[in-house]
Structure formats: C-alpha cells, structure tokens
Amino acid sequence: MKVTLHIWRQSQPSDRHAQSARDFQRDGRMVRYELDDVSPDMSFLEMLDVLNEHLIKKGEEPVAFDHDCREGICGACGVVINGVAHGPEKGTTTCQLHMRSFRDGAEIYVEPWRAKAFPVVRDLIVDRSAFDRVVQNGAYVSVNTGAPQDANATPVPKADADKAFDAATCIGCGACVAACKNASAMLFVGAKVSHFVHLPQGRVEREERARNLVTAMDEEGFGNCTNQYECEAVCPKEIPVRVIADMNREFLRAKVREE
Amino acid sequence: MSWLSSFWRTSIGGKMTMAVTGLLLFGFVVAHLLGNLQLLQGPDAINEYAKMLHDLGPLLWVARIGLLVVFVVHVVTAVRLSQANKQARPVPYASEATVQATMASRSMVLSGLSLLVFVIYHLLHFTLGVTNPGHFAMKTSGAGGFDVYAMVSNSFANPAIALAYAAFQLVLFLHLSHGIQSFAQTVGIHHKRYTPMIKTLSFLLALVVAGGNALLALSVQVGLVEVAR
Amino acid sequence: MNLDARIPDGPIQEKWDRRKFELKLVNPANKRKYKVLVVGSGLAGAAAAASMAELGYQVECFCYQDSPRRAHSIAAQGGINAAKNYRNDGDSVWRLFYDTVKGGDFRAREANVYRLAQCSVNIIDQAVAQGVPFARDYSGLLDNRSFGGAQVSRTFYARGQTGQQLLLGAYAALSRQIHAGQVKMFNRTEMLDLVVVDGHAKGIVVRDMVSGEVRAHAGDAVVLATGGYGNVFYLSTNAKGCNVTAAWRAHKRGAGFANPCYTQIHPTCIPVSGDHQSKLTLMSESLRNDGRVWVPKKPKDTRPPNQIPEDERDYYLERKYPSFGNLAPRDIASRAAKEACDKGLGIGETGLGVYLDFRDAIARLGKEAIKARYGNLFHMYSKITAEDPYSQPMRIYPAVHYTMGGLWVDYDLQSTIPGLFVAGEANFSDHGANRLGASALMQGLCDGYFVVPATIAGYLAGQKPGGVDGKHPAFRASIKEIEDRVKQLLSIQGGRTVDEFHKALGKIMWDKCGMARNEQGLNEALREIPALREEFWRDVKVLGDGMTLNQSLEKAGRVADFLEFGELLCRDALERRESCGGHFREEWQDDGEARRDDEHFAHVAVWEYQGDVKDAVRHQEELQFENVQLAVRSYK
C-alpha cells in the first residue's frame, strides 16, 4: 500500500523556557514524504523504519523517534497520528499499531507530543523527564531493601489489588498529556496516587504522597483537568479516569487533615 | 485564610473551587427557576413572591453579596485556570482531533463567557432597569411595589428578547450538563455504578433547568402568559 | 586469567551466610565517601543502585533510555519464581535449587544457584512491601501458577505484566533515592568504555546521547547491569536498544566473557511476517499452562486448524514428554518445534510455525477464565496478527529471547577485573546452559537487591575512596579513543545502512549458530562475520554529526560491537563439542535429545581478549557438583 506522510522535523531541541506558538514555527516544520512499499502487516514504527532506510540512502537524515521494546510495554514510543496520541486503535501504543489500520493512499500526520512540560528534543522525540521528577517526589513506599514481613502477612482484598493493578499498569508514555487540550498530567499522577492508596502498604504515606505529587505536578507546568477524558480515550493501558477522582479525593483529604 | 488561598492556587484546589462555586450557582439557578415559575400562576403569585424577597431587606443584601462573591470567585478561578491551561499547551497540532470529549466539555470556557454576557444583560434588564426602563418602572396597582409580572410579560412579548433569552438557555444547558457531572468527578466521586447515573442525572437536571427557563422566556410567545397592560 | 570463584566453605545452605560474615564491612560514616557507578537501570541495575544508595554509598546510575523505568526487564510477562511453598505442593529452597541446576543442564555453579533459591523468598517480601500489585486470590493472599521445567506452582505474577510491576517497584525505590540526593541519574547516556587503572575498574566513559558529549565518570567500583546480547541475532524478543557494548568494552579491557554460546531460544513467539520485521514478540510461557502445542500429522496440511480433526493432530510435546507435557523447558520445546517444522509439518505461509491451542481450555474453564488469565496476551496477539486466539489457535515459533552467557563473575559477582561487578542477565552465573521460565526476574532482583550491595563492601573496604578522578590520563585516553571512533563512523559515508549490516549479521547468526549448530556451519560463520565486519568499516553509511541526538550513530556503534562479539559467540559454540541446554550441536544428539559430555565439558568456558577476537584465549572454570547428581536431563 501507499501512504503520504507529513512528519514534524526539528533538528535542535526546543528551548524549554521560551515555548510559544511562534517559537514552535521557528523550531521545525512539517515535511511531506511519499512511501509506496508499505505492507499492511507492518507496525507503524516498521513503516517509519522503511522510510528512514529510504532517507538514508538518499542522503537525508532519518526521522528520530523514541522506541525500544516494540511490544507496547516500555512506554518509550508515542507520536500523535492524525491528531490522536498513539493513533486510531484504542488501547494500543504506536509500536503495536499496524498499517492495516490505515487505508491505501492515506494521508498521515505524524507529530511529537505537544506540551510545555515535554519540550521537543529532536523530530518526534520529546523530553518526558518531568514524569520522572514527579515520581521522585513520592510515588513510592518508603521502604528500604531488607527483610520486611512475609509477603502473605497482610492479606489484600482481591478487589483492592485489582484496582491497584489497574492504575499501576501505566507505562508512562505521556499520551495522556499529549491528548489533553490542557496538557494535564492528571491521569498519570492520578494513576500513581490510586495505585498506592488501594494497597495497605501504600496507605501509610497517603497524605504526604498526595500533597507532594500534586505540588510537583503543578511545578512542572502541566495543565489542569477539565474532565474531558481525552486522556482515557488514548491511554494504551486504558487507565480509567477514576484514578483522577481518586487523586482529587486524596488531595482534598490530605489538605483538610494538614496541620 | 492563607490555607484557603494556598489551596486555591494548586491545580486541584482550583478545580474544586470551580466545582463548589459551580454547585452553589447551580443551586441559585434552581431556586431562581422555582421562584419564577410562579409567573405561570398569574400576576398575584409572582408579585407577592417578589415582595416577599424585597421585604427581606438586609438579608436580601447578604444573599446578593454572597451570590456575587461566589460568582466572582467562579469567574476569576476560571480565568486563572484557563490561562494556566493555555500556557501548558502553547503549541497546537497541525492536525487536531477529538476522540471522546463531549461538545459541552470542550466549550466550557466559551459557554461560560457567553453566560457571563447573559448575566450582565439579564441584570441590566431586570435588576437595574437599564435596557428597558419602561418595563422596569411599572408599579403594581395594589401595594405600589414593582410589578414584576408586567415587567417580565412585557419584555417577553418582544420576540427578539424572548428568543435571546431562550437561546442563552441552550448555552446554560451545555454548561450545566458538563458542570454538574464534573462536580462529582472533581470532588472525587467516581464509581462504576453511580458515575453513569450521575452523568444521566447531570444531563436531565441541565435539561429541566434550562428547559424551565426557556419555557418562561417563551411563555408569552406561546400564549402561556398574558401580557399585562 | 584468575578464575577462582571464591566459593565459601561449608555446607551449601550456609555458604551465603558465611560469606556475608567473612566480608569486610564499610563503616556507615565512611560509606558516603565511596562512589559506585551502576550501568543499566533494569531489575538488577535499579535494585542495586537503590539498595546501595539506601546503605549510604554515593551512586551514579546510567541508562540509554529516556527514563530508567523503560529498561527491558519491563517486558517480562509471565512471572517470578520463589520457593515460598504457599501452595503446600512440596516446594522448597532445595527443590528450586535442584530444578534450576537441572534446568540449566548442569552447567551452572551450584553455590550461586543455591543462594538464588534462598534469596527468592525475600524478593517476594520486598516487592510486596514496595507495593507491587501481585495477583491475589479471593482470600487476599498471593496467587501462583506453574512454569516450564517445574512440577510445582511457585511462580508469582501480576497478570501478564510481572516484569513491569517488579521493575516499577525497583524504579520507585531508585526514584526515592534520586530524590534523597543519594543517586544521580543519567538518562539517555550510553556507556562506551570501561576505565581500568592499575588493574582495577575505576570508572567509565559515556556519551550523552542528546548533546553528543563524551565524558568520564570516575568511581570506586563499577556495576554492570546491562542485560543480554540477544540482539546479535538482529531479530529477537529484546528491545531494539539492547546491546552488548558495555559488556564487550569491559571484555576488551580485561573482563573474561563466559559461555557466550548459551543463548536461549524461546518456544512461543509470534512468527515472522515479512522482511520489514524489526523485532519478535514473545507470548508468555505461562500460556503453556492452558494452551496445547500441536502440528498437523500430514505434511503441508493447509486446512484451517479448526477443520483438522483430533486424530490428525500431533500434540508432540505431550507425546514425547508425558510427565511435563506442554510445560517442557524452553530449549526442549523450541527444538521440538524446529524438528516438526524441519519435517515439513510447520504451519502458516512460511511453514515456520506451530499451533498453540486454547480450544480445550476454553471448553473446560470458559472464555472468561481464560480472558482473566491471559487477556492482555491474547489482546497483544490479535493486535499483531489480526487473528482471534479465542476462536482459532495461536501460531507460534521459537525466537531468540535470553542469553545465559555473559561476563564471568565469581561468587561475589565480581568479574576478572577487581572492582567491576556484573549483575543480572549481563553475567553468566546462575542459569547454566538454559534458563527456566520466571527465573530471570528472580536472578536480576536477587543480584541487585541482595548480592551486590553486600559483596561490594568487601571490595570497597580495601580501597581508598576517591583514589582516581576523571582527570587521570586513562580517562583522557579513553575519551580520545571514543571520539575518534565516532569520527571514523561518520566519515565512512559508504553505501549501506547500519540496519542492513545488522540484518546480515543476524542472518548469519540465526542460520549457523541458532537453534541447531554444527561444525561446518560455525566455520562458515567464522569466515563470514569478519568479512562482514571489514565491509562494515568500509561501506557503512551514517549521516548527521556527533554533536546532536543521532540514532544512526548510536546504532552503528552497537552493531560494530556485535560484529566483533558474534565471532566470539560462534567460536565458543564451535569449541563446546557437546549439546547442552540452549546449545545444541547436531553432532552430539540422541535422536533429537541433547547429549552432554560431562567428562570433557562440565566447565565454564571463559574467553580472554588478546587484541583481536580471533586471538581470544579460552580458559576453563571446572564445575563441581557436590549436592546434585549429574544426570541425563529427562522430562519424559
């Protein structure tokens, strides 16, 4: 099959501090490519591989994009395809998206995640270290390596364990931020809060965690949630917006009990 | 106070401020509708109701100021949050798309601004008597108070005014249908069974309130209310 | 080359306690004076970095991904073994130890494996304390399932994402230490050289993959947790970025490389669909709990699988290995699949595939139960193949998955270079010639949480902290070498892309040193690989410059190392004149079953670099079996 691609090309990192629509126009541009040897069984990234092989042969620098495991779990890949983070298939990362999801002759727009907190590094690669910094502020149980109690000492109701898992399944790809009109990270941060608050091990530090994570999230420059749920629609792990409600509740609780 | 302002400044604190003030405003809109529905019962009912409110005196002012504060906080917070949101995503996509966000949720800022314009007009019209001083000045024959019935029915006898009011109810419907369910999510109410119910309820409540208001606005045009001479 | 494994004396149950007691300690106030460099942030790396930071060492941690959370440990699906005996089904530390030694075809070091089995118990406790959401049953207690090569249920799991949940636990612990200032994290930073001063590992040279800067990091010890080298085959279940560079550079600086020919071919992967294929996707071994493997009895049978009647199907694993059936270990299941396809019984367009069928399990347990167990795997399968595994059997074929070989380490996980510790898949120590399912997570975490943080003290206690800094001439020399190499790669401007070379290497490796190997093929490979390498350095085309993010340049460096390493792998395979575990030499077999030669090959082969791969010298560490009887490994 044949496709026409419009891909964001940018050779230098964006300036983290001066991101306005005008700077963005200066940083890079959309470039059109035609590709006619696409197989429907290729993954989207394999299609980009093919494009890159052609570009290198022609003496043009290949399109840079993040990817690693190519089985939908590492969270490295992710581009906005025709306006939708990770493209048209629900519950699917870019690497698991296959070209059979597009029709022959399709026009495909490929852009990097767009958010102030995720400055573009090159082409389709963005800097998502803001997520790491949020996690560093408390998305953990403060336990040292050692000899904790036996794993079965505290039973956890299956329903709670399942809820915790539903949140913990987050791969940190950033699609939620990319899809949100406000570049809000609340699905990501909510998933961390929700994961731990449904487990007895995580409940010890629930108040500090809620406070610190929300503060860190705000400081990174993510936007606010306006309950439009686009994040949920594109999340490759289909994390429900329930986790945002969990975070809101936990944050309120923490603030009310603050001394 | 410092606790409140620091809470307000956080993202979630801001959201919750929107949710709580929004709910209070919704409560006012419901009360406003219930009171005004007395229009359908004829001049005496609505005029007596107006007089009762008026006779509250200082209490009425407390309520008015309270309402104003809530309203201002709702608007100011909305402005702050939408500015922050715009800053968080300074760059648009060359190809934009929406997967599941409702029209109502995407147009909250627009519908909110429209409602702000409407509220100002509504106050100029019926509370301050600027736009139609003739209707505003009407007095009842009996007690000598304002003749609310006459003022309203004469206003809505004008098809342009009636249609404008009705049109704004569509905006109110959009704003409320998202706002009410948003309240629940924002304060942390989310449940497999109840959340779908809340969404339906939100839609229905918005429909009833906006529909009730629209009915009043169109009441003269459809012949439910007679114009007082 | 000194290959003293320094195994502690005494009965095997007491060895680890004895070693921990013998080791010198670093007093708590002095720990902060020592800096440890950890390369890699997977289970072993993140766990080691976090645990050492908790102890008080200054730690610097490096990963090539944009976040430590993305290391490829994250992709492990099925589970993690632990000898908890929660099922009351006869499990014990001893049984896990025994199963692992036997599963590794008696080519692992007993003492290391025993320690692994001992620590397995603590790993589960630690993970639960961190908030890892393992699967639980309705009593609220932890659930288990079975894996290949075991007759007990000792595998703990978190749906099909066990590796992810365990890695996120280790990443969380690491993040906590980064926040505390105890760990400095360097993302998108690739180690390109090891710096050895006076015979001791004293630092590394890295390239910042965004700015292109090549820079030195000095430390008092280095821990490599850089994973395996499966990508030498180009197509594997490894992440695209996985590479041998860190281990290979350490080898070239003097670290012995042990058993590189021990590569694991996983039996259940999604078959290749075309030339564009960039990687292979694993379908967890746990699927073999309920799925039945079969091929048609008639060659080239093109009927849809559901129309092939029961008596025309060969459930060959159940037929050949009745006591383990579909849960035969990986090497055996892979070879059986190859054998079936070689006979022309393979299915699919290419004939390289066998069926993994859930029809009977769905009939027995219901679709919902199967969905609850394997839902995400089935989902992944249907995404990739556009086929529905609930209504038709999966098509699977073996693929390169894991590498048991790695840098040689002693009992303390220290390599032949003092101060260089190697953890996780990057070392060779625990799996012998074949790794059992759900044991990789166990080993990575055992090394990272419990072994390295303890044994490294024994080394550091004898070192003056901060003895060497980054200005030492050895660092300057190494930086210059790396910069020159980058310049060279960029200056060739030939006609073939890096991927073309990588694919060509992969084809040689898979055809001649894959599931079955023979002397003739290996000798051919040993001629072809150096020729390909020579061509690479003459004709590779890498565009762009070295001072920006340049993914072709990164790949080129890795492939250049694979082109050297592949030769060593083939040499090792040629020299090991027996069949054992993942290493199957056609000359040594009994009707398809591997024939070991314990008399001549019950040893670890350790390669010493001598300036060129073809000159590498093979040393031996003899393996002593005092607790397990050497026996023919039978799963019949």
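Letters A, B, ... mirror the listed sequences (proteins, then strands); counts begin at 1.
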Within 6.0 angstrom of A:K57 NZ, more than 12 heavy atoms from elsewhere: yes
Neighbour count above 12 (heavy atom, 6.0 Å) for C:K184 NZ: no
Spacing of SG belonging to A:C69 relative to CD belonging to C:Q164, to within rounding of 0.5 Å: 10.0 Å
For A:D123, all residues meeting side-chain hydrogen bond (donor to acceptor under 3.5 Å, both in side chains), sequence neighbours excluded: A:R9
Residue pair A:E60 / C:L543, side-chain heavy-atom distance below 4.5 Å: no
Student check: side-chain heavy atoms of A:I56 and C:D499 closer than 4.5 Å: no
Flag side-chain contact, heavy atom, 4.5 Å: A:D66 against C:R188: yes
Best-contacting candidate, C:C242, C:A386, C:A71, C:G169, against chain A by heavy atom pairs under 4.5 angstrom: C:A386
Pick from C:Q277, C:H72, C:Q65, C:Q165 with the largest number of heavy-atom pairs that fall under 4.5 Å of chain A: C:Q165
C:K279 and A:H67, any side-chain heavy atoms less than 4.5 Å apart: no
Between A:S39, A:P13, A:G59, the one whose heavy-atom pairs under 4.5 Å with chain C are most numerous: A:G59
Between C:A173, C:G274, C:A158, the one whose heavy-atom pairs under 4.5 Å with chain A are most numerous: C:A158
Which atoms of C:I178 approach chain A - backbone, side chain, both or neither, heavy atom under 4.5 Å: side chain
From A:T92 atom OG1 to C:M380 atom CE, the distance as rounded to the nearest 0.5 Å: 11.0 Å
Option that, when pairs with chain A are counted at under 4.5 Å, heavy atom only, ranks first among C:V128, C:L282, C:I124, C:V542: C:V128
Side-chain heavy-atom pair C:S67, A:R128 within 4.5 angstrom cut-off: no
Proximal component of C:S552, with respect to chain A [non-hydrogen, under 4.5 Å]: side chain
Heavy-atom check, side chain of A:D49 versus side chain of C:H276, under 4.5 Å: no
Verdict with supporting geometry, A:E71 and C:T281, side-chain hydrogen bond (donor to acceptor under 3.5 Å, both in side chains): CA-CA 6 Å; A:E71 48 188 276; C:T281 302; 5.1 Å; no
Nearest heavy-atom neighbours spanning A:A151 and C:D125: N-OD1, 2.8 Å
Under 4.5 Å from a heavy atom of chain A, the part of C:F156 involved: neither
Toward chain A, the part of C:S278 with a non-hydrogen atom under 4.5 Å: both
Nearest-0.5 Å distance, CG of residue A:N52 to CD of residue C:Q551: 8.0 Å
Atom pair CG (C:N376) and CD (A:E238), whose distance is rounded to the nearest 0.5 Å: 11.5 Å
Donor-acceptor contact present, side-chain C:D66 to main-chain A:A76, <3.5 Å: no
Side-chain heavy-atom pair A:D132, C:P68 within 4.5 angstrom cut-off: yes
Side chain to side chain, C:D137 and A:K158, heavy atoms closer than 4.5 Å: no
Under 4.5 Å from a heavy atom of chain A, the part of C:Q130 involved: both
Polar side-chain atom of C:R70 near backbone of A:G172 as donor-acceptor pair, under 3.5 Å: yes
Side chain A:N152, main chain C:L141, donor-acceptor under 3.5 Å: no
Between C:I384, C:N122, C:L549, C:L142, the one whose heavy-atom pairs under 4.5 Å with chain A are most numerous: C:I384
Most chain A-contacting option - heavy-atom pairs closer than 4.5 Å, from C:Y64, C:Y449, C:Y86: C:Y86
Pick from A:V50, A:N137, A:L55, A:L45 with the largest number of heavy-atom pairs that fall under 4.5 Å of chain C: A:N137
Short side-chain to backbone donor-acceptor contact, A:R70 and C:N238, under 3.5 Å: no
Gap separating the OG atom of A:S129 from the CG atom of C:N187, nearest 0.5 angstrom: 7.0 Å
